[in-house]
Amino acid sequence: MSTRSSRRKVIKNDDAQEEEEEQQVFMFNGQSYSTYQEMVEAKRQRNRDVLVSSGLLEAKAAMDNAAMEQKRAAASSRGLKRAAKVPSAPLPRRKSSRLSGEKAPGIYIENESAGKFEIAGGSYMVEPEKPEFYNRRINDGSDLTVAEAVEHTGSKWVKDNTVANAEYFMKTALQDIVEDMPIISPKKKKGSPTSVAKGPAGGASYGITGKDLQSNIDSLSVDDETYVAKVVPDRIYGLACHPSPNKLVVCAGDKKGHLGIWNVDQYAANDSSKCTTDGVHLFKTNGGAISSLAWNASGTSLLSSSYDGSVRLFDVNKQVFEEVFATYDTDDQYKDKLGYGTDDGYNSWIQSMLIDQRYESGKCFFLSTSEGGVMHIDLRSKGKVTFNQVLSERKINTVSLHPNGHTMATAGLSAMVQTWDVRKIQSNSKTSTKPPKAIAWQHTGRSVNSAYFSPSGKHLLTTTQSNKLELLENAHESSGLMKQAKTSIRHDNQTGRWLSTFMANWHPGTFSNRELFVVGSMKKPRCIEIFDDKGELLREIQGDALTAVASRCCFHPNSSKLIIVGGNSSGRVTVAR
DNA sequence: CTATCGGTTAGAGGT
DNA sequence: ACCTCTCCACCGATAG
């Protein structure tokens, strides 16, 4: 349909000279109108009709109603609470130096880009603000006591009893929890490890099967606000449960380097009137986002890796956060550091960490970097970098080790999933004779958030930016281009820039040959999804207490009942049990 | 090839 | 009820 009006000049009388008067006719939709205004009115009426007939008005009304109905529930107030604001004295009125006649020193901005600028002119030079420690780390790398780690969180979070509460929990309560743990780990064989040690989490089979498993899954709920607490101030990157089968202690690491530890059942165990913390204890252990958090199998040490390039280890017996690894550039002053020469520049950081389960101590781990590097660190004796190799041109998001103990999967921004033989990776990119070669690979079109081997090793589970969850069968046996995944689940993984990316995560045990994984979801109402290794959606857990997207989720590794924890973008942790 | 931009996305906290 | 802040997540396009 034409919406253009046509304008015609009609000459009424050719002969009459003074009859040169123009008479205009305004055409619209085949109708003629004698005045412009009438034509416009007709056009407006047409537009109104189109709007009404399109149904958009009804649709809008329906949406408005729906929006009214599902009003956002208020976020849980359990957990961290800010110290009350102290009203500050009004600042003295600023005096203009220009008005008071002071002369500028004749400086000007020489070069400005990306938020940085150089000041030139005169003798006045402004030194760019230098961070106090390498890569804005929390300190020079020395040990951090529990009290210091609490104090680093700042006055906003530290109240009268905060330090004492945290010290009591870390020293007494946590030690009790560790001592209370049954000894599950089998004796370790001497010599070079051939398979992943069956720690409490390592692929142990659980008694729950068939109907019991389903009813266990069905019983999971997030209805009560006691299931939610603010554990860290900012967005959650790393999430981990303490491996104790009897107690629920959840740890979360946030964007700013905070570590929050939530003793979930403190209320049940203690007289609630005495609890001022809701069981939440906050520390700051790293200077940048905590990219990964993990407990060793025996629950004695907690490792945190950070964007600031450091890895800290909290040992329950030593009661300090020890910097066990940190990246440094090739400046001579760092020559003696373990991480000498592992920092590739200003936009290089540790993207993920994986505890190497072949060694029970938890003293060996893999690190992946934003520059596509993978390192293996071994702290058992003096501390060494077993290897440090560039495996990708772009950031590597996750590293996963197959239970066979030698097939490693990497995934990241290069839009590829790749497998490698760790036994064949030489120690250093610079000195090795040949660069490492992938055993197998698959192209995913877009970046891969994560790729994890299932506890049995049968499946490699990927979460991708092309909105898929995929299960690759026996990926450790393929070479060359991998076969397309048999199971591919459509899943909205567009979390945008304010939420942590989704990373579908396995339960570390098996359920008589059945395996489970958990993943967050953008669906409304908000929910957490559980799938099995066939790709079947077993449950969407939703409830009144789950009001925000749980972008990082994991299972409790050892509880005989299923427990899921999820972390959201405001530092809150939700427990489904 | 590198840097930068705009678009997308969700939630809390303050007024 | 609105407005503001988040600012290395990632994609695709564009400029230099």
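The sequence lines fix the lettering, A, B, ..., with proteins before strands; numbering per chain opens at 1. Quick caveat, the model's predicted, so the values are computed rather than measured.
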Residue list, salt bridge (Lys or Arg N to Asp or Glu O under 4.0 Å) with A/E322, at least two apart or on another chain: A/K318
Rounded to whole Å, the NZ-P distance (A/K468 to C/dC10) equals 18 Å
Using the test salt bridge (Lys or Arg N to Asp or Glu O under 4.0 Å), find all partners of A/R446 that sit at least two apart in sequence or belong to another chain. none
Using the side chain to side chain donor-acceptor pair (under 3.5 Å) criterion, which residues pair with A/S155? Sequence neighbours excluded. none
Is there a side-chain contact between A/K230 and the phosphate of B/dG13, meaning an N or O under 4.0 Å from OP1 or OP2? yes
Salt bridge (Lys or Arg N to Asp or Glu O under 4.0 Å) involving A/R552 - partner list, sequence neighbours excluded: none
For A/W349 and for A/V448, find the nucleotide of DNA chain C with the closest heavy atom, then tell me which residue's nucleotide is more 5'. A/W349
What is the distance, to the nearest angstrom, from the CD atom on A/E393 to the P atom on B/dT2? 10 Å
In whole Å, I'd like the distance from the CD1 atom of A/I350 to the P atom of C/dC8. 18 Å
Take the protein atom CG of A/N467 and the nucleotide atom P of C/dC10, then report the distance between them rounded to whole Å. 14 Å
Between B/dG13 and C/dC8, how far is it from one C1' atom to the other, in whole Å? 24 Å
Proximal nucleotide (of B/dT9, C/dC11, B/dG11) relative to the A/V549 side chain: B/dG11
Protein N or O to nucleotides 3-7 of chain C N or O, pairs below 3.5 Å:
unit_1 : atom_1 : unit_2 : atom_2 : d
C/dC7  : O4'    : A/R497 : NH2    : 3.4

Step by step, would you call A/F325 with A/V385 a side-chain contact (heavy atoms from CB on, under 4.5 Å)? CA-CA 10 Å; A/F325 179 81; A/V385 179; 4.2 Å; yes
Same-atom distance (P) from C/dC11 to B/dT9, integer angstrom: 16 Å
Using the side chain to side chain donor-acceptor pair (under 3.5 Å) criterion, which residues pair with A/T407? Sequence neighbours excluded. A/N404
